[in-house]
Protein chains: 2
Amino acid sequence: MTENDKLTEEKIFEAATDVFVDKGMDGARMQDIAIHAGINKALLHYYYRTKDQLFNAVFEMIAGKVLKKFAPVFEDNLSLEEKIRFFFKEHIKFLQENPKLPAFVLNEINRNPARIKKLLKNVHFETLWQKLYEQHKSELGKYNITEDALPQLMVSIAALSVFPFAARGLIEGILDKVGVDFNDYIEQRKEFAAEFVIRAIRK
Amino acid sequence: MTENDKLTEEKIFEAATDVFVDKGMDGARMQDIAIHAGINKALLHYYYRTKDQLFNAVFEMIAGKVLKKFAPVFEDNLSLEEKIRFFFKEHIKFLQENPKLPAFVLNEINRNPARIKKLLKNVHFETLWQKLYEQHKSELGKYNITEDALPQLMVSIAALSVFPFAARGLIEGILDKVGVDFNDYIEQRKEFAAEFVIRAIRK
DNA sequence: ATTCAGTTAAACTATATAGTTAAACCAACA
DNA sequence: TGTTGGTTTAACTATATAGTTTAACTGAAT
C-alpha cells in the first residue's frame with residue numbers, strides 16, 4: 001500500500017511536471033493532469049489539496065534542479081578555461097535532455113518574482129563570488145576580467161547556454177528558413193560558446 | 001466622432017498591450033483590459049469581438065516592433081566593430097524602455113510556435129545572411145568567423161542583449177543579494193557586451 | 001470477517017470569465 | 001427636431017474550471 005501510495009504520488013508529480021512545464025501555471029488544467037497521471041480528479045485532490053500546492057511542489061523541484069546545474073562553476077578542480085569548456089558541454093547537454101525547462105522557469109519567475117526569493121534564500125552569492133575570485137586569482141592576470149565585471153561575465157555565460165532554449169520557438173523558426181536543424185545547431189553550440197567566451201576574456 | 005472613435009480604439013489597444021504584456025494571454029482578463037482603458041466590457045467587445053482577435057493584434061504589433069530592432073544589423077553603413085557597438089547601445093536602450101517585451105514575446109512564441117511563422121514569412125533570411133556576409137567579406141579575414149558560424153554569432157549577440165531582460169526576475173534576485181542595482185547593471189552591459197563580442201571574434 | 005486506505009465514478013457547488021443583449025443616454029449633425 | 005452611432009449599465013447566457021461530496025468498490029492487513 002505504502003509503495004503503491006508512493007507510486008501514485010510519483011505518477012501525479014510526473015504528470016503535473018509535464019503539464020505545468022508545457023502549459024504553464026495559468027494554462028494547466030487539473031483535469032488534464034489527472035488524465036496524464038491515469039487517475040481521476042478526486043484522487044488528484046486527495047493527494048494535493050490545491051492546484052497551487054501542486055504547482056509549488058513542481059516548481060521548486062524544477063527550479064532547484066535548473067539552478068543546481070550551475071554549481072560546478074564554483075567548484076575548485078579545473079582551470080578557468082577548462083571550467084568554461086566543461087560547463088558548456090555539460091550544461092547544454094542537460095538542456096538538450098530538458099529543453100523546455102528554461103522557458104518554463106523564466107516565465108514563472110517573471111510572472112511571480114517573489115517565488116525566486118525563496119529559492120535563493122539559502123544561496124550565499126557573496127561567498128560564491130569571493131570563492132570563485134580566490135580560485136582563479138592567480139590566473140586572472142591573464143584574462144580581461146576585473147572582480148567588478150564578474151556578474152557581467154556570469155550572466156553572459158548563462159545567456160549563451162540558456163537563451164537558445166528560452167527562445168527556441170523563435171530560433172527554430174529562423175533556422176528552419178535557412179535550412180539548419182535546431183539539434184545540429186545546439187550540438188555545434190557546445191564548442192562554439194566555449195571558444196567564444198575564452199576568446200572574449202583573453203587579453 | 002471618428003476622432004473620438006480612434007481615440008477609444010487606441011485606448012483599448014494600449015490598455016490591452018499593457019495587460020497582455022504583464023499577464024500573458026492566459027493570465028489576462030477582458031474585464032481588466034476594459035478597466036485599464038477606462039471603458040466597459042460591452043464597448044471593448046464592440047471594438048474587438050473576441051479576446052483572440054485583440055491578442056493577435058497586440059502580439060503582432062509587439063513582436064514586429066521587437067524583431068524590427070534587429071534590422072540595423074543588416075544595413076550597410078558601418079564597419080563590423082562599429083556595428084556591434086552601435087547595436088548593443090541602441091538595442092539595450094530600447095529594452096530599457098520596454099523591459100517586459102522579451103519575456104512576453106518569447107513566452108507567447110513558445111506557448112504557440114505557429115505564431116512566429118506568420119511573422120517570419122516575409123523575411124528572407126538567406127538574402128539577409130548573404131548580404132551581411134558580402135558587406136563584411138573584406139573584413140572577415142581579420143575575424144574568427146566562418147560564414148557557417150554566422151547563425152551562432154547572431155544568436156550569441158541577441159542572447160547577450162536580450163537574456164538579462166528575459167530572465168530579469170532571476171537576475172534581479174541575484175543582483176539584489178550582491179548589492180548591485182539592475183539598472184546600473186544594464187547600463188554597464190551596453191559596453192561590456194560590445195567589447196565581449198569584439199574580443200571573441202578577433203583573431 | 002472486518003477494517004481501512006486507496007481508488008473510482010459521477011454528480012454537485014461555487015466561481016470566474018468570455019461574450020451577448022437590451023434599454024437608455026448623449027452629443028453631433030443634417 | 002429627429003436620426004445616428006458611440007457609450008453606459010446591468011442583467012444575462014454559456015461554459016470552463018477548481019474543488020467537494022457521496023456511495024461504492026478493491027485488495028491487503030489485522
Here the distance between atom C1' of dA16(C) and atom NZ of Lys51(A), to the nearest Å, is 12 Å

Does the ring of Phe88(B) carry Arg189(B) above it, NZ/CZ under 6.0 angstrom from centre and within 45° of its axis? no

Against the side chain of Lys41(B), the closest entry in dT20(C), dT7(D), dA5(C) is dT20(C)

note: Lys23(B), atom NZ; dA16(C), atom P; distance rounded to Å ~ 15 Å

TODO: Look at the side-chain N and O atoms of Thr50(A) and state whether any lies under 4.0 Å from the OP1 or OP2 oxygen of dA18(D).
DONE: no

Query raised in the report: Can we call the ring centroids of Phe87(B) and Phe70(B) under 6.0 Å apart?
Result: yes

dT7(D) phosphate, OP1 or OP2: any side-chain N/O from Tyr47(B) under 4.0 angstrom?
-> yes

With salt bridge (Lys or Arg N to Asp or Glu O under 4.0 Å) as the criterion, how do Asp32(B) and Lys23(B) come out once you've worked through the C-alpha distance, each side chain's angles and the decisive distance to 0.1 Å?
CA-CA 11 Å; Asp32(B) 195 22; Lys23(B) 306 276 178 67; 3.6 Å; yes

From CD1 of Ile12(A) across to C1' of dG6(C) the rounded distance in Å is 11 Å

Quick note, His45(B) side chain, CB onward, closest among dT7(C), dT20(C), dT20(D) is dT20(C)

Under 4.0 Å, heavy atoms only, any strand: does Ala28(B) hit a base, just the sugar-phosphate, or nothing? sugar-phosphate

Here the distance between atom P of dA16(D) and atom CD1 of Ile35(A), to the nearest Å, is 14 Å

Out of dA18(D), dG19(C), dA10(D), minimum distance to the side chain of Met30(A) belongs to dA18(D)

note: Asp26(B), atom CG; dA18(D), atom P; distance rounded to Å ~ 12 Å

Leu43(B) CG to dG6(D) C1', in whole Å, measures 7 Å

Leu7(B) CG to dG5(D) P, in whole Å, measures 20 Å

Leu54(A) CG to dT17(D) P, in whole Å, measures 16 Å

query = Using the benzene-type ring in the case of Trp, are the ring centres of Phe20(A) and Phe59(A) under 6.0 Å apart?
reply = no

query = Using a cut-off of less than 4.0 Å, is there contact between a side-chain N or O of Thr8(B) and OP1 or OP2 of dT7(D)?
reply = yes

(Q) With a 3.5 Å distance limit and no angle check, can you tell me whether Gln152(B) reaches the backbone of Tyr185(A) through a side-chain donor-acceptor pair? (A) yes

